[in-house]
Amino acid sequence: GPVEQVNYAAFTGFIDDIVCSQRIMTDNECLERYQAGIYGADGEDTVARMTWLAGTFWPIIGPYALTVSTGQGVVVGPYRPDSTALEYFRLLEATEDGELYASKSGALTFDLRHRRWTEARSTAVQAVFSDDGSDNKYAASGFVYDYDETGVENDVTVSSPSVASTATSTNSASIASYGARTKQISTVHSTLTAMRSQADWRLYTRGQPKLKIKSIQVKPARAPATLFPLVLSLEIGDRVQIERTPQGVGAQIVTVAHIDGIEHDITEGSWTTTYQLSQIKVQDNFASWVTTSAASVAGNGWSGTRVWGY
């Protein structure tokens, strides 16, 4: 039959969502779909929001698909991203106080805040590096001790577009010793309570400088049969043990650390692997995540009042 001609007003603006539909959707249906896809569901946690974000903007399957550690993430509020997908990934990482990185296989990986205290590769030593050659020897030139106050955070403020107020925690003793070391953290927390808990947790774990091994370097060509398989097997978050002999004499100093970063510098005839390390974080006085808290959002919340943990 004849085709009905319909005239529509000219459109001026930006198109950021294109949909293929088997029928013409109403104005309300278009709006509902836009809000559901862009804002995300209220009350979901960082795992669900990260999974949605990856499925929408990182639609990759196979070995490079998003990998998320097991557990309950922090509950987040609705938020419309007005920036890049990567910036939104980083915003969720900051909210969770977790880690977002590319794994050794190239997969986008999101580790929850508690993974370093719950997964075997982070709670049990995966490799021992030493300066005396009795274990896997690291290079003397790449060993860095650090007691740097620039890593101190003693005035922490957490914000979220879903919460009208900001949450701030300060450590007056640390400020008196090192001056104000401010930290501004943008998140998508759903409650002021969660924001305060995160600010307290950051202050608790970063309020004072700590003596730590910042980095070590390994040259696997010195023992190819053992060191190459080892350096290629370690991953961010793995627990390692470092042994150091002061001045080459006396009893060794034994330190455990987590791997924060891995860099392979490969040239013709040379291979150097650098591990950026962090001290094993304190594990006392944790608040625990519960699923039946009366004062929580969507049935989930933090127990206790002192610090933010798992």
Side-chain angles (χ1 to χ4, degrees), residues 46 69 71-75 90-101 110-119 121-125 144-160 166-189 191-215 236-242 255-261 275-290 301-310:
T46 50
S69 59
Q72 172 70 59
V74 177
V75 174
R90 291 302 187 190
L91 192 61
L92 291 171
E93 177 189 31
T95 304
E96 177 65 33
D97 207 7
E99 294 173 284
L100 180 70
Y101 58 93
F110 182 48
D111 284 344
L112 299 180
R113 64 202 177 282
H114 50 65
R115 188 199 57 73
R116 291 195 177 190
W117 294 277
T118 57
E119 293 192 8
R121 68 184 183 89
S122 296
T123 58
V125 172
V144 179
Y145 257 131
D146 182 43
Y147 190 75
D148 192 351
E149 63 196 48
T150 58
V152 169
E153 298 175 11
N154 52 31
D155 185 355
V156 182
T157 298
V158 179
S159 62
S160 170
T166 59
T168 300
S169 291
T170 59
N171 184 326
S172 57
S174 177
I175 292 174
S177 298
Y178 308 106
R181 304 284 181 174
T182 60
K183 179 68 175 181
Q184 305 283 337
I185 305 175
S186 298
T187 71
V188 285
H189 278 300
T191 67
L192 184 59
T193 299
M195 292 160 56
R196 286 174 178 157
S197 295
Q198 184 173 14
D200 289 346
W201 174 246
R202 300 280 300 200
L203 201 69
Y204 180 65
T205 56
R206 298 169 173 83
Q208 298 290 336
K210 299 177 178 66
L211 181 62
K212 63 181 181 180
I213 299 175
K214 186 176 182 179
S215 65
I236 290 175
D238 282 355
R239 187 183 185 114
V240 294
Q241 179 172 302
I242 314 299
T255 304
V256 289
H258 282 136
I259 296 176
D260 282 346
Y275 294 108
Q276 301 297 330
L277 305 173
S278 65
Q279 183 183 21
I280 302 296
K281 291 184 175 64
V282 292
Q283 301 182 43
D284 57 340
N285 298 313
F286 276 156
S288 61
W289 184 270
V290 295
W302 296 104
S303 68
T305 58
R306 181 170 181 184
V307 294
W308 196 56
Y310 69 87

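If you're wondering where the values come from, they're calculated on a predicted model, not measured in any experiment.
In this structure, A167 and A199 approach most closely via the heavy-atom pair O-CB, 4.2 Å. Scanning both residues, M195 and S159, for their nearest heavy atoms gives CE-CA, 3.8 Å. Here the closest heavy-atom approach between residue Y178 and residue Q208 is recorded as CE1-OE1, 3.3 Å. Shown here for D238 and S122, the closest heavy-atom pair between the two residues is N-OG, 4.5 Å. R121 approaches I236 most closely through the heavy-atom pair NH1-O, 2.9 Å. Nearest heavy-atom pair, D260 versus S278, reported as atom, atom and distance to 0.1 Å: OD2-CB, 2.8 Å.
Between R113 and E96 a salt bridge is recorded (basic side-chain N to carboxylate O distance below 4.0 Å). A salt bridge between R116 and D111 is absent, with no side-chain N of the basic residue lying under 4.0 Å from a carboxylate O of the acidic one.
The CH2 atom of W117 sits 7.5 Å away from atom NE2 of H258, with the distance rounded to the nearest 0.5 Å. Taking CD from Q198 and OG1 from T95, the interatomic distance works out to 7.0 Å, rounded to the nearest 0.5 Å. Atom NZ of K214 and atom CG of L211 lie 13.0 Å apart (nearest 0.5 Å).
Within the structure, every pair that satisfies the side chain to side chain donor-acceptor pair (under 3.5 Å) test and touches residues 166-175, not counting sequence neighbours, is listed here: N154-S174, T157-T168, S169-D200.
Of the possible donor and acceptor atoms, none in the side chain of E149 sits under 3.5 Å from a partner among the backbone N and O of S177. Judged by distance alone, with hydrogens and angles left aside, the side-chain atoms of R202 form no donor-acceptor pair with the main-chain N or O of D155 at under 3.5 Å. R90 places a side-chain N or O within 3.5 Å of a backbone atom of L100 that can act as its donor or acceptor partner. Of the possible polar contacts, none joining the Q241 side chain to the V125 backbone as a donor-acceptor pair under 3.5 Å is found.
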How far apart are the C-alpha atoms of R206 and K183, what are their side-chain angles, what is the distance that settles it, and do they pass the side chain to side chain contact (heavy atoms under 4.5 Å, CB included) test?
-> CA-CA 11 Å; R206 298 169 173 83; K183 179 68 175 181; over 6 Å; no
Take V240 and Y275 through the test side chain to side chain contact (heavy atoms under 4.5 Å, CB included) and record every step on the way to the result.
-> CA-CA 10 Å; V240 294; Y275 294 108; over 6 Å; no
Steps toward side chain to side chain contact (heavy atoms under 4.5 Å, CB included) verdict (R239, V256) = CA-CA 7 Å; R239 187 183 185 114; V256 289; 3.7 Å; yes
Using the side chain to side chain contact (heavy atoms under 4.5 Å, CB included) rule, take H189 and R196 through it: C-alpha gap first, then chi angles, then the decisive distance, then the call.
-> CA-CA 10 Å; H189 278 300; R196 286 174 178 157; over 6 Å; no
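Using a 4.5 Å heavy-atom threshold, the side chains of T118 and L112 count as separate.
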